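Because the structure is a prediction, the values reported are computed rather than measured. Starting from 1, each residue takes its place in the sequence as its number. In listed order, ligands and their atoms are each counted from 1.
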Amino acid sequence: MRAALEISVIGCGYVGLVTGACLAGIGHRVVCTDNDESKIATLQAGQLPIFEPHLDALVDRSRKAGRLRFTGDVADCINAGEAIFICVGTPPLETGEADLSAIDRVARTIATVAKAPKLVVEKSTVPVQTGQQLKQALAIYGRNSGVTFRVASNPEFLREGTAVGDFLHPDRIVVGVEEAAAERQLREIYRPVLEGGFECPVHAGKCPAGSPSQFLVTTINSAELIKHASNSFLAMKISYANLIADLCERLGANVDEVTRAVGLDPRIGPHFLRPGLGFGGFCLPKDIQAFIHLGEKAGVDFAMLKEAERINKQRVDAFLEKLRRALWVLKEKQIGVLGLAFKPDTDDIRFAPAIELIRRLLAERAQVCAYDPQAIEKTRAVFSEVRYAKDGYEVAEQADALLITTEWKEFRELDWRRIFKSMARPLVLDGRNLLDPARMKEIGFEYHSVGRPD
Ligand SMILES: NC(=O)c1ccc[n+]([C@@H]2O[C@H](COP(=O)([O-])OP(=O)(O)OC[C@H]3O[C@@H](n4cnc5c(N)ncnc54)[C@H](O)[C@@H]3O)[C@@H](O)[C@H]2O)c1
């Protein structure tokens, strides 16, 4: 029987909730807190403030087993754990630089309320050298208590939509440490993940045999840099695929055929080579900006990343241009938008291309009707003038154009013949290359996708 460790989690957003629920799910005792009281009230009432597959079952199971609780009392949370995972947001400032004020605030709070030594783990994505600042803040603000702190970086690589599986079956666990004791503590925390044997909510006891997770021990600076370097590389891959798609459109090739063949080269790999409306979400857009900013500050020319970001920002322009070419005038046209979340299987709309697209459509005074399986409530808070449909059929009714902006599986499975009959003009712009052009043409649609012959 493995020893359960006491763990505190600060920040109950996507990363904090998945971290807290998964660490409790593998046997530890976890207390989570957040400074958003309504979030804590929701969690204490047994509900989740976000949609993430398998998370509800995991939270429910761990709470019932007494291994997971939520508290609004930050001191209670901090003093419950021997290790504290900081999972607060690090959003971009106007300059693109990461806003580290939440990390700073949490550091000062930990330093002043902790009554015993703690391992303080940065899980939030932060620029290199944040760990050094964190260490300093803990030492200065905690100087009168006599309590000592160790600091470690443990960047999170989960993807929303598959976050629980990613946390429990990671390719790698990166820990940036300065002392052997911190490494030992983190190895102990992740032992069940590394050795298996926990009740996996994703695979119901039948986890596929894959390559074992790598436990990589680095310096704190390297661990922080690994996260930004990974996300910026992924962003560049997507932008590269989008450039290839532009070329395919102009010169008459099919981007699906090209990227499939390119991705079969093991030096390149097939993932993140999908062209479309570009990357969004709370990671890639802000992390590439923060990395560019960091490079500038360090005197390293990151023009390569700036290009990747510029190409990404152009995706919505290019998509709108296609719509204008087809519809001529957008004012008063009824536009159906299929998909609001930045990717399928999440309700997260932060930096979602669909949100930027709707903003522009409304600015041109188009009438927008939208549907998403999970993200309507969050979008309603942003756009009250949009009409929200109950499903993929209602959004298409009497529409002059239907835009596919998130690749939800259920959109592929819609009865497209029925949709064809219900639209005012059977025009579909597929921003995610979700549908088969030949089939759409056979039904009779005017169909445009990205980098594929119409
Ligand atoms: N979302 C992802 O897919 C993902 C993946 C890997 C890493 N990350 C990184 O993890 C971090 C968190 O991301 P997220 O998506 O969970 O963000 P989020 O905005 O969903 O959650 C952050 C939470 O922290 C809380 N918070 C802020 N200041 C606080 C304070 N002083 N005390 C207590 N709680 C506080 C907020 O109320 C919020 O609930 C970011 O640095 C992000 O870049 C995110």
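- A donor-acceptor pair shorter than 3.5 Å cannot be found between the side chains of Thr219 and Asn221.
- Residues meeting the ring pair (Phe, Tyr, Trp, His ring centres under 6.0 Å) test with Phe302, sequence neighbours left out: Phe291.
- Shown in contact with Cys87 at under 4.0 Å from a heavy atom are these atoms of ligand 1, numbered in order with element: 12 (C), 22 (C).
- With 3.5 Å as the limit, one finds a donor-acceptor pair spanning the side chains of Ser101 and Asp99.
- In this structure, Lys286 satisfies the cation-pi test against Phe282, with its NZ or CZ atom closer than 6.0 Å to the six-membered ring centre and inside 45 degrees of the ring normal.
- In terms of modelled atom types and a separation under 3.5 Å, the side chain of Asp348 and the main chain of Ala341 share no donor-acceptor contact.
- Compare Lys39, Glu160, His228, Glu52 by their heavy atoms: the one nearest to atom 2 (C) of ligand 1 is in Glu160.
- Using a 4.0 Å cut-off between a side-chain N of Lys or Arg and a carboxylate O of Asp or Glu, Arg61 and Glu199 qualify as a salt bridge.
- Here atom 16 (O) of ligand 1 lies nearest to Val15 when heavy atoms of Val15, Thr125, Thr19 are compared.
- Distances from atom 42 (C) of ligand 1 to the heavy atoms of Lys286, Arg350, Arg159, Glu156 put Lys286 nearest.
- Nearest residue to atom 34 (N) of ligand 1 from Asn35, Ile40, Leu17, Val74 is Asn35 (criterion: closest heavy atom).
- Contact annotation for Ala163 and ligand 1: no heavy atom of the residue comes within less than 4.0 Å of the ligand.
- Evaluated by nearest non-hydrogen atom to atom 21 (O) of ligand 1, the leading choice among Gly13, Cys77, Gly11 is Gly13.
- Shown here is Arg260, whose CZ atom has no more than 12 heavy atoms of other residues, nucleotides or ligands within 6.0 Å.
- Under a 4.0 Å N-O distance rule, the pair Arg412/Asp430 does not qualify as a salt bridge.
- The protein heavy-atom contact nearest to atom 22 (C) of ligand 1 is Gly89 N, 3.5 Å.
- Both the backbone and the side chain of Leu158 come within 4.0 Å of ligand 1, judged by heavy-atom distances.
- In this structure, Arg172 is positioned above the aromatic face of Phe157, its NZ or CZ under 6.0 Å from the six-membered ring centre and within 45° of the axis.
- Counting the atoms of ligand 1 from 1 in the order shown, those under 4.0 Å from a heavy atom of Ala102 are 28 (N).
- Within a 6.0 Å sphere centred on CD of Glu413, other residues, nucleotides and ligands contribute more than 12 heavy atoms.
- Residue Val106 has at least one heavy-atom neighbour below 4.0 Å for each of these atoms of ligand 1: 30 (C), 31 (N), 32 (N).
- Nearest protein heavy-atom neighbour of atom 37 (O) of ligand 1: Asp34 OD1, 2.6 Å.
- Of all the atoms in ligand 1, the ones that sit under 4.0 Å from a non-hydrogen atom of Lys227 are 6 (C).
- Those atoms of ligand 1 with a heavy atom of Thr90 less than 4.0 angstrom away are 40 (C), 41 (O), 43 (O).
- When Val386, Ile358, Asp347, Leu357 are each tested for a side chain to side chain contact (heavy atoms under 4.5 Å, CB included) with Leu340, only one passes: Ile358.
- Taking atom 5 (C) of ligand 1 as the reference point, the nearest protein heavy-atom neighbour is Cys283 SG, 3.5 Å.
- In terms of protein heavy-atom proximity, atom 11 (C) of ligand 1 is nearest to Val88 O, 3.4 Å.
- Considering backbone and side-chain N/O of Asp287, none are found under 3.5 Å from N/O of ligand 1.
- For ligand 1, none of its N or O atoms has an N or O atom of Asp36 under 3.5 Å away.
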